[in-house]
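Everything on this sheet refers to the single structure shown next.
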Amino acid sequence: MTAVARVLIDSPLPQLDRLFDYAVPPELAAEAVPGARVRVPLRSAGRVVDGYLVELGEPDPDGRPLSELDAVVSPTPVLTPALYALARRAADRAAGSASDILRLVIPKRMVRAEKAWLAAPAPEMPRVGADAAAWADGILAPYPGLADAVAAGERLALDTPPRPSTVQPVGAWAELLAAIAVRTLAQGRSAIVAVPDQRDQDQVLAVLARDALALAADAVVRDDARRSGPERYATYLRLLSPAPAIVVGNRSTVYAPAHDVGCVMIWDDGDPLLAEPLSPGVHARDAALIRQELEGSALVLAGHTRTTDVERLVQLGWVRELPAARRESPAVVLSATREGESRGARVPSSALAAARDALTPRPGARPGRASRVRTGARVRGVSHARALPALHRPAARPPPGRRPGVRVVRGARRRRGRACSAARRSCAWHRRGASARPTRRRAFPNTRVIVADGTHPLTSVDDRPALVVATRGAEPHAAGGYRAVILLDGDRMLLAEQLRIGESCLRWWSNAAAPAAPGAPVHLVGVAGPVARALATWTQPTYARAELTDRTPLSMPPVVRVAAVEGTPEAVDAALTALRSEVPALPASAFLGPVPVDPASRGVGTASAAADTGPVRALVRFDYAHGRAVAEQLRAAVVAEALRGRRGRGRGPGRPGAASPRTTLRVRLDVPELDL
């Protein structure tokens, strides 16, 4: 009796998001194994498509005829049962397709890399030496019960120490996460560390690469999209082996098919880089929560601050807060202009005094270290082994002649491509744009100035005295930490029209203050109110708790879940009507809109949708208890609209029955803002 292969087709069409049955011909029986890549005929489209063989089953007793597998692309099983279950569960929760999630996780097949992997010997079981285990225990010692909680598979909210490492230019948080990973690997299980960006990833990898840990080269796996295709595919095949590993990567790393995962760690879950922009848009935190529930592995949500999403889980008892035995916090100073100073002064005298003091070597002290200043949307830093101030300026560009920190000589003729000839030393206007160095040179004479931003990326600075000017998130690390940090224009940052702007500012400022050396002053200039008090007292969980309390009566996320429905007025109206009918528990106040949207800014709908009746957008607020019913109904509406559009378009030339993957209805769940 011929076996039946149940195949998940790799297609963006929502109506194809299910398993299709195909007969396995005798000549492919040996290669058609669960998890293999296959090619199958799609009768409705009249063509052959790619897919994954999910499982083998018995034929239908009705004896209905089945199409046969066209080919087995590769006998290597790249889709594990655990990965498919995770992708299916995450897609169902977000009203999306499992194939969309698998497309983010499984790299494209590289034949040479696959042949080299199959010819190479299997990876050896990694070993953790006594010295590495002792180091990990020492790092985890300030958190009583942390090691046991991770071994027991608990869900934990961890407030990491806000200080730099004393060994290398990385944050102490990187050492903490690396220690948890080493301890998990010592127990013969894999550990996954998901971080927002490359800088954070390099910090964790730098800790794991220490000679003192003596970890094998293949025991630590780097998982990101910045490498070549063959390297990514070889890394993915390594994770499929039965040897555990420590996987460090970005948001899609939470799906990594590592062997026997013992712990999944998310660093700084409030960073927007951990929110997947591609459909179905599952946040890395939500995917990790689903994985922990399915596999029983430990989950650690770590950060210098705590998001309202994590605090909600803590309040529900779903995640346990695990504090350190001894609370650590930087010396935050709420700086304001003093009597006699101009209220428009950008840097108060107290902050300037702190920066000058930090840049002045003390008797018997080795010069070096750094200091930072943040303003608006950017961060400026100063580096000095003993002195380190930092500046942060706004993202908006003021008109010429009034740029922050820039002195333009009046009467000097500006010449394109070179500095002003009238005053080369005092005018910093050149082809690369205005520089803030003239004013800083007057305030900090004979001081080295270092600029770190997207144009001038810099990961670390040496221990010589310097003023480091860095944009937000681009602050370089200084050996021993910054000796002073100044955060400017915070009041302007709080004016952004966003629901979570206070939460975001607190996260930005906390991350900027964490690299300060122990006891170094951190000046927050011109900000008062709950956010400033939370930073000054280093009580970010309390602020998140208060935010949840304020949002509860208003039904704001994350107290409730929010779904966005976009498309033509007819499609959105049909979806909302069906949702009201199928989920009667939703009150009338749960539906907001629909209102017209700009298709150019949203990127939603087809050209026909932007005709006389343009696309519209509606929001649906619902409790977590109704999440499954809402997701299923909205997904059904997307499928129905896709089928309706396919029938309307008919069969196109050259590809009989082929349907365009674009649809007039788009659904996204867990929208963080009530943005109509």
Side-chain angles (χ1 to χ4, degrees), residues 126-195 200-201 203-216 219-220 244-248 253 258 260-269 288 292 296-306 310 314 319-330 481 510 514-515 518 538 540-541:
R127 297 181 179 180
V128 178
D131 293 341
W135 170 83
D137 292 339
I139 296 294
L140 301 181
Y143 293 84
L146 176 57
D148 295 337
V150 171
E154 294 189 31
R155 296 175 289 265
L156 305 172
L158 206 60
D159 296 331
T160 55
R163 54 177 171 78
S165 168
T166 58
V167 179
Q168 57 189 133
V170 299
W173 66 267
E175 291 183 324
L176 181 60
L177 298 189
I180 297 175
V182 170
R183 180 65 182 261
T184 305
L185 187 64
Q187 298 171 353
R189 307 186 69 183
S190 297
I192 295 177
V193 184
V195 296
D200 298 327
Q201 183 185 24
Q203 291 186 63
V204 179
L205 291 174
V207 176
L208 294 172
R210 290 178 182 174
D211 295 336
L213 300 182
L215 296 177
V220 180
I246 299 176
V247 190
V248 185
T253 304
D260 190 14
V261 176
C263 182
V264 177
M265 289 167 274
I266 306 288
W267 160 251
D268 198 11
D269 67 290
Q292 192 279 334
S297 58
L299 174 61
V300 177
L301 301 169
H304 294 312
T305 58
R306 184 174 302 171
V310 174
V314 172
V319 173
R320 182 165 72 94
E321 180 182 18
L322 201 155
R326 181 177 177 273
R327 179 174 172 271
E328 299 183 52
S329 62
S510 299
W538 208 253
Q540 292 87 345

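When a residue number appears, it is its place in the shown sequence, counting from 1.
P126 is not listed as a side-chain neighbour of L215, based on a closest heavy-atom distance of 4.5 Å or more. By the 4.5 Å heavy-atom criterion applied to side chains, R183 and V128 are not counted as neighbours. Considering only heavy atoms from C-beta on, E328 comes within 4.5 Å of P162 through its side chain.
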Stepwise side chain to side chain contact (heavy atoms under 4.5 Å, CB included) test for L176 and L146: CA-CA 11 Å; L176 181 60; L146 176 57; 4.3 Å; yes
Pair E154-L322, side chain to side chain contact (heavy atoms under 4.5 Å, CB included): steps then yes or no: CA-CA 11 Å; E154 294 189 31; L322 201 155; over 6 Å; no
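Atom-to-atom distance recorded for L156:CG and Y143:OH is 11.5 Å, nearest 0.5 angstrom. Expressed to the nearest 0.5 Å, how far CG of D268 lies from OG of S510 amounts to 9.5 Å. Atom-to-atom distance recorded for L177:CG and M265:CE is 6.0 Å, nearest 0.5 angstrom. In this structure, I192 CD1 and T184 OG1 are separated by 11.0 Å, a value rounded to the nearest 0.5 Å. Of the inter-residue distances, the one linking D159 atom CG with E321 atom CD reads 6.0 Å to the nearest 0.5 angstrom. We find the CG-SG distance between L299 and C263 to be 7.5 Å, quoted to the nearest 0.5 Å.
A parallel orientation is assigned to the rings of W173 and W267, their planes being inclined by less than 30° (bins at 30° and 60°).
Across Q292 and G153, no two heavy atoms sit closer than the pair NE2-O, 3.1 Å. Closest heavy-atom contact between P515 and P164: O-CG, 3.8 Å. In plain terms, the two heavy atoms of A132 and V182 that are nearest each other are O-CG1, 4.0 Å. Shortest non-hydrogen contact noted between D260 and G188 is OD2-O, 4.2 Å. The nearest pair of heavy atoms linking W538 to S329 is CB-CB, 3.5 Å. Summarising the geometry of T253 relative to V193, their closest heavy-atom pair is CG2-O, 4.2 Å, with the distance given to 0.1 Å.
Within 6.0 Å of atom CZ in R327, more than 12 heavy atoms from other residues, nucleotides or ligands are found, so the atom counts as buried in its surroundings.
Of the candidates Q203, R210, E175, R210 is the only one forming a side-chain hydrogen bond (donor to acceptor under 3.5 Å, both in side chains) with Q168.
A donor-acceptor contact shorter than 3.5 Å is absent between the side chain of Q201 and the backbone of V195.
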